[in-house]
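Data first, discussion second: the structure below is written as structure tokens.
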Amino acid sequence: MASLPPVVVGNTVKLDSEFKKLSSPSSLPFEKKNYSTKELDKGFDSFSLEFREALSLIREGNIKLESSSYVPLLQECIEKKSVSRVESIHAHIIKTGFTEELFLMTLLVNVYAKCGIMRSARTLFDNLPQRNVVTWTSLMSGYVQNSRPELAISVFKEMLQVGGYPTNYTLGIVLNACTSLSDVEFGKQIHGYIIKYDIAYDASIGNALCSLYSKCRSLDMATKAFWRIKEKNVISWTALISACGDNGNSEMGLDVFIQMLVEGVEPNEITLTSVLSLCCTMRAMDVGSQVHSLSIKLGHGFDIPVTNSIMYLYLKSGCINEAKKLFDGMNSVNLVTWNAMIAGYAEMIILAKDGVSAYLCGIEALKIFERMNRSDLKPDFYTYSSVLTICSSLVALEQGEQIHAQTIKTGFLSDMVVGTALVNMYNKCGSIDRSSKAFIEMSTRTLISWTTMITAFAQHGHSQQALQLFEDMRFVEVRPNKITFVGVLSACSQAGMVDQALAYYDMMKTDYKINPVMDHLACLIDMFVRLAGRWKDVSRVRKMMRDEKVDKITDWSWINIKNKVYAFKFGNKKHQSDEVGKILKDLVEKARPLGYQVDETNLEMVDEEKEEATALADAPHSERLAVAFGLINTSKEAQIRVIKSTGMCRDCHNFMKVVSILTSRSIIVRDSKRLHQFYRGQCSCKDFGGFV
DNA sequence: CTAGGGTTAG
């Protein structure tokens with residue numbers, strides 16, 4: 001950065017004459033139109049009373065019209081984010097001839113930027129006969145705010161090229177652009193420049209440096225940047241609190257917040273949102289409620305982001321009723337509110353104590369999604385990723401397909417996260433073909449996309465494809481992580497590829513320096529148990545589980561037919577006499593000649609287990625009931641998709657294989673461990689189901 | 001004129 005010119009703080013820069021040649025002025029967008037007063041008035045209909053009164057005073061000449069007369073009017077445009085109002089006022093300014101006022105033009109650039117129309121801001125800027133550093137800075141700030149940080153930096157370079165001098169404000173904005181771009185290198189050069197030219201280390205620079213270093217995962221540097229600020233403002237404190245949260249140190253964030261209160265700095269709604277986000281990470285319901293009360297006390301109780309955060313905290317902590325109350329009480333909501341509700345219910349699927357409530361949470365989330373679709377706010381990529389994931393949990397293929405169509409229509413499928421969620425959804429719903437099609441159609445893939453697809457192939461027993469894909473991923477130089485290796489090892493394990501598994505295990509530790517976790521070891525152990533066939537050990541583990549009184553999860557299964565959920569519980573006697581029971585008995589009879597019997601040749605069962613197995617005919621495991629119900633209530637060729645709260649047992653697994661032959665149906669059972677797709681007497685898990 | 005925040009995928 002040695003080529004940067006020296007800095008004069010607060011200097012107004014005269015552009016050199018060369019620059020005027022560089023930008024060829026074209027006409028202002030409003031110049032050619034000949035506005036009549038009537039037309040102007042029409043544009044003002046929606047303005048506030050004060051605004052219209054002020055304007056008529058100006059028009060009638062009752063107050064002396066100065067460039068500053070427009071300031072409050074333009075401020076109202078920012079508040080209301082009203083594009084039409086800015087354009088009307090701009091037209092008015094052109095008519096009254098105040099376009100020569102640099103201050104007013106600069107403000108106008110700002111207002112256009114704040115209203116999100118950078119094209120007009122840029123056109124206006126390009127046609128100005130003169131600019132000062134504030135004009136340049138305003139344009140840059142507009143680009144940062146409108147998610148075009150790269151343009152902010154190019155404007156900055158343009159400014160330096162024509163001999164402009166940046167101020168500390170300008171440099172703060174450039175640093176923020178670097179933060180958005182994660183361009184730490186350029187950010188550090190700017191920092192070096194600030195030190196070299198001894199630029200005043202004020203809040204605009206300190207805050208920006210704090211965020212920059214937070215973004216590049218250096219909480220230490222961010223903290224130092226904060227403490228160097230002599231006159232810390234509320235934004236400085238907020239920046240540090242967010243930095244703590246972003247770098248996984250929520251406890252420190254809370255400490256900083258307390259310190260801020262002790263120093264008598266009043267938090268604003270953004271501070272409160274950041275603090276609530278920390279509470280959410282920590283699941284700190286107690287602190288969260290206090291912050292909630294504080295928010296109300298400080299008059300931010302109706303702030304949408306604040307309410308969204310507290311709502312999300314409730315949802316993450318399992319307080320669904322409180323969250324719902326909050327949601328119902330909001331007089332206005334935004335997209336994030338809907339997304340938080342949907343993602344929150346998705347979270348409840350994981351938190352739920354039993355399978356029924358988990359399933360109902362998923363259904364509830366899809367209902368909220370439907371309500372959202374009917375509202376005036378439309379789903380975005382956050383929404384689509386969440387609902388696709390919910391469809392995965394519910395094995396809700398039909399809903400998933402509809403959402404797939406919706407993502408194509410709205411263009412959100414091009415989002416990598418949505419694409420990955422779609423790959424996962426088709427996989428979890430048992431369609432590996434459509435899963436891999438969705439993967440192939442992705443224009444860009446992330447580590448998670450690759451991992452999802454590899455895991456999908458492994459889950460479906462396509463070990464070769466899983467491993468091939470892993471090599472493809474390495475070829476395009478995407479670095480695998482520990483979850484990728486879980487997929488890879490389970491692929492090897494299922495195919496019985498002992499040597500390869502060990503080689504990949506070694507690769508993980510040596511080449512990628514990834515420490516093994518339980519899941520990796522479990523894959524290896526599974527593999528050895530399978531090739532050696534040490535079923536006696538399996539029995540022993542089961543006995544241990546009983547003796548240790550390991551809580552048994554209730555065995556529930558659900559089936560979703562025409563958007564209605566039907567739940568079945570193990571041991572429900574009611575089905576002994578109804579149609580479900582009848583069809584089950586019938587199937588068991590027909591299954592015998594095909595080699596199915598309640599007899600475990602592989603397992604050396606203890607008596608208790610034998611009894612349990614024999615009793616199955618009278619008290620069938622829940623998935624049998626759900627599958628039987630599905631057979632009765634769906635069309636002849638339809639695929640049956642069942643979700644089960646616990647792991648399948650070997651006996652039911654054998655039974656389902658035979659049922660898939662007898663009925664010529666494809667049957668999917670998603671148990672707590674994996675997905676089983678039964679078709680023509682085979683299961684996609686290749687009998688490697690980790691049966692308990 | 002400047003600055004800070006909440007919600008998605010394995």
Side-chain angles (χ1 to χ4, degrees), chain A residues 103 106-111 113-114 132-142 144-145 167-176 179 202-211 214 229 233-243 245-246 267-278 280 303-313 315 334-344 346-347 379-389 392 412 415-425 427-428 446-456 459 481-484 486-487:
Chain A
F103 159 74
T106 300
L107 181 57
L108 206 48
V109 167
N110 241 293
V111 178
K114 285 265 166 62
N132 62 21
V133 66
V134 182
T135 327
W136 283 100
T137 307
S138 298
L139 185 68
M140 285 164 51
S141 143
V144 174
Q145 278 168 24
T167 66
N168 43 355
Y169 287 130
T170 321
L171 293 167
I173 291 162
V174 175
L175 286 169
N176 288 330
T179 306
D202 67 351
S204 45
I205 284 177
N207 297 350
L209 281 174
C210 182
S211 303
S214 165
I229 307 168
N233 56 25
V234 60
I235 297 170
S236 319
W237 288 96
T238 308
L240 184 61
I241 290 168
S242 313
D246 292 342
N268 64 16
E269 70 277 20
I270 298 177
T271 322
L272 294 167
T273 309
S274 308
V275 174
L276 286 167
S277 163
L278 298 178
C280 199
D303 184 80
I304 297 178
V306 169
T307 317
N308 288 347
S309 302
I310 183 81
M311 202 176 79
Y312 204 70
L313 171 62
L315 287 164
N334 66 11
L335 196 53
V336 177
T337 317
W338 287 105
N339 289 348
M341 274 309 273
I342 292 168
E347 186 77 13
D380 68 351
F381 44 79
Y382 283 101
T383 327
Y384 286 121
S385 322
S386 297
V387 288
L388 283 170
T389 304
S392 311
F412 283 109
D415 180 79
M416 285 179 292
V417 179
V418 174
T420 307
L422 187 71
V423 171
N424 184 43
M425 186 277 289
N427 167 45
K428 293 281 164 62
T446 62
L447 161 66
I448 299 181
S449 329
W450 287 97
T451 303
T452 305
M453 196 67 236
I454 290 167
T455 310
Q459 279 179 354
N481 68 4
K482 63 179 177 205
I483 296 164
T484 321
V486 174

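On a predicted model such as this, the values are computed, not experimentally measured, just so you know. A, B, ... follow the sequence lines: proteins, then strands. Residue 1 opens every chain.
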Inset, instruction - Report which part of the nucleic acid A:Lys114 touches: base, sugar-phosphate, or nothing (heavy-atom distance under 4.0 Å, all strands). - result: sugar-phosphate

Legend entry - Which residues share a side-chain contact (heavy atoms from CB on, under 4.5 Å) with A:Asp202, sequence neighbours left out: A:Asn168, A:Ser204, A:Ile205

Legend entry - Distance in angstrom units between A:Asp246 CG and B:dG6 C1', rounded: 12 Å

Legend entry - A:Tyr382 aromatic ring stacked with six-membered ring of B:dT7, 5.5 Å and 30°: yes

Inset, instruction - With the side chain of A:Asn110 defined as its heavy atoms from C-beta on, choose the nearest nucleotide among B:dC1, B:dT7, B:dG10. - result: B:dC1

Inset, instruction - Could you please name the option among B:dC1, B:dT8, B:dG5 that lies closest to any side-chain atom of A:Pro305? - result: B:dG5

Legend entry - Any side-chain donor near an acceptor of the partner, A:Thr389 and A:Ser392, under 3.5 Å: no

Legend entry - Distance in angstrom units between A:Asn176 CG and B:dA3 P, rounded: 7 Å

Inset, instruction - Mind calculating the distance between CD (A:Glu347) and P (B:dA9) to the nearest angstrom? - result: 9 Å

Legend entry - base_contact_polar (B:dG10 base, A:Asn481 side chain, donor-acceptor, <3.5 Å): yes

Inset, instruction - Give the rounded distance in Å between these two atoms: CD1 of A:Ile205 and P of B:dT2. - result: 16 Å

Legend entry - Any side-chain heavy-atom pair of A:Met425 and A:Leu388 under 4.5 Å: yes

Inset, instruction - Name the closest nucleotide to the A:Ile448 side chain, picking from B:dG6, B:dA9, B:dG5. - result: B:dA9

Inset, instruction - Using the side chain to side chain contact (heavy atoms under 4.5 Å, CB included) rule, take A:Thr452 and A:Ile448 through it: C-alpha gap first, then chi angles, then the decisive distance, then the call. - result: CA-CA 6 Å; A:Thr452 305; A:Ile448 299 181; 3.9 Å; yes

Legend entry - Any A:Gln459 side-chain nitrogen or oxygen under 4.0 Å from OP1 or OP2 of B:dG10: no

Legend entry - Pair A:Asn308, A:Asn334: side-chain N/O donor-acceptor within cut-off below 3.5 Å: yes

Legend entry - Distance, rounded to the nearest Å, where A:Asn207 contributes CG and B:dT2 contributes C1': 10 Å

Inset, instruction - For A:Thr455, report the nucleic acid contact type (base, sugar-phosphate, nothing); a contact means any heavy atom under 4.0 Å. - result: nothing

Legend entry - A:Thr273 side-chain proximity, nearest of B:dG10, B:dT8, B:dG6: B:dG6

Legend entry - A:Gln145 side-chain proximity, nearest of B:dA9, B:dC1, B:dA3: B:dA3

Legend entry - Proximal nucleotide (of B:dT8, B:dG6, B:dG5) relative to the A:Ile270 side chain: B:dG5

Inset, instruction - Could you tell me whether A:Ala208 contacts a base, only the sugar-phosphate backbone, or nothing, with contacts defined as non-hydrogen atoms closer than 4.0 Å? - result: nothing

Inset, instruction - May I ask you to verify if any side-chain N or O of A:Asn168 is less than 4.0 angstrom from the OP1 or OP2 atom of B:dA3? - result: no

Inset, instruction - Look at the side chain of A:Ser204 and decide which nucleotide, out of B:dG10, B:dA9, B:dT2, has an atom nearest to it. - result: B:dT2

Legend entry - Sugar-phosphate, base or nothing in reach of A:Thr446, heavy atoms under 4.0 Å: base

Legend entry - Spacing between A:Phe381 atom CZ and B:dT8 atom C1', to the nearest angstrom: 8 Å

Inset, instruction - Could you please name the option among B:dT7, B:dG5, B:dG10 that lies closest to any side-chain atom of A:Asp303? - result: B:dG5

Legend entry - Proximity to the side chain of A:Val417 - top-ranked nucleotide from B:dG5, B:dG10, B:dT8: B:dT8

Legend entry - Minimum-distance nucleotide to A:Ser141 side chain [options: B:dA3, B:dT7, B:dG10]: B:dA3

Inset, instruction - Could you check whether A:Thr106 gets within reach of a base, just the sugar-phosphate, or nothing at all, counting any heavy atom under 4.0 Å? - result: nothing

Inset, instruction - Output yes when at least one side-chain N/O atom of A:Lys428 is less than 4.0 Å from OP1 or OP2 of B:dA9, else no. - result: no

Legend entry - Distance in angstrom units between A:Asn334 CG and B:dT8 P, rounded: 14 Å

Inset, instruction - Starting from C1' on B:dG5, measure out to CD1 on A:Ile310 and report it in whole angstrom. - result: 15 Å

Inset, instruction - For the residue pair A:Ser138 and A:Ser141, confirm or rule out a side-chain donor-acceptor distance under 3.5 Å. - result: no

Legend entry - Heavy-atom check, side chain of A:Thr484 versus side chain of A:Ile454, under 4.5 Å: yes

Legend entry - Sugar-phosphate only, base, or nothing, as touched by A:Thr452 at under 4.0 Å among non-hydrogen atoms: sugar-phosphate

Inset, instruction - Respond yes when some side-chain nitrogen or oxygen of A:Asn424 is under 4.0 Å from OP1 or OP2 of B:dG10, and no when none is. - result: yes

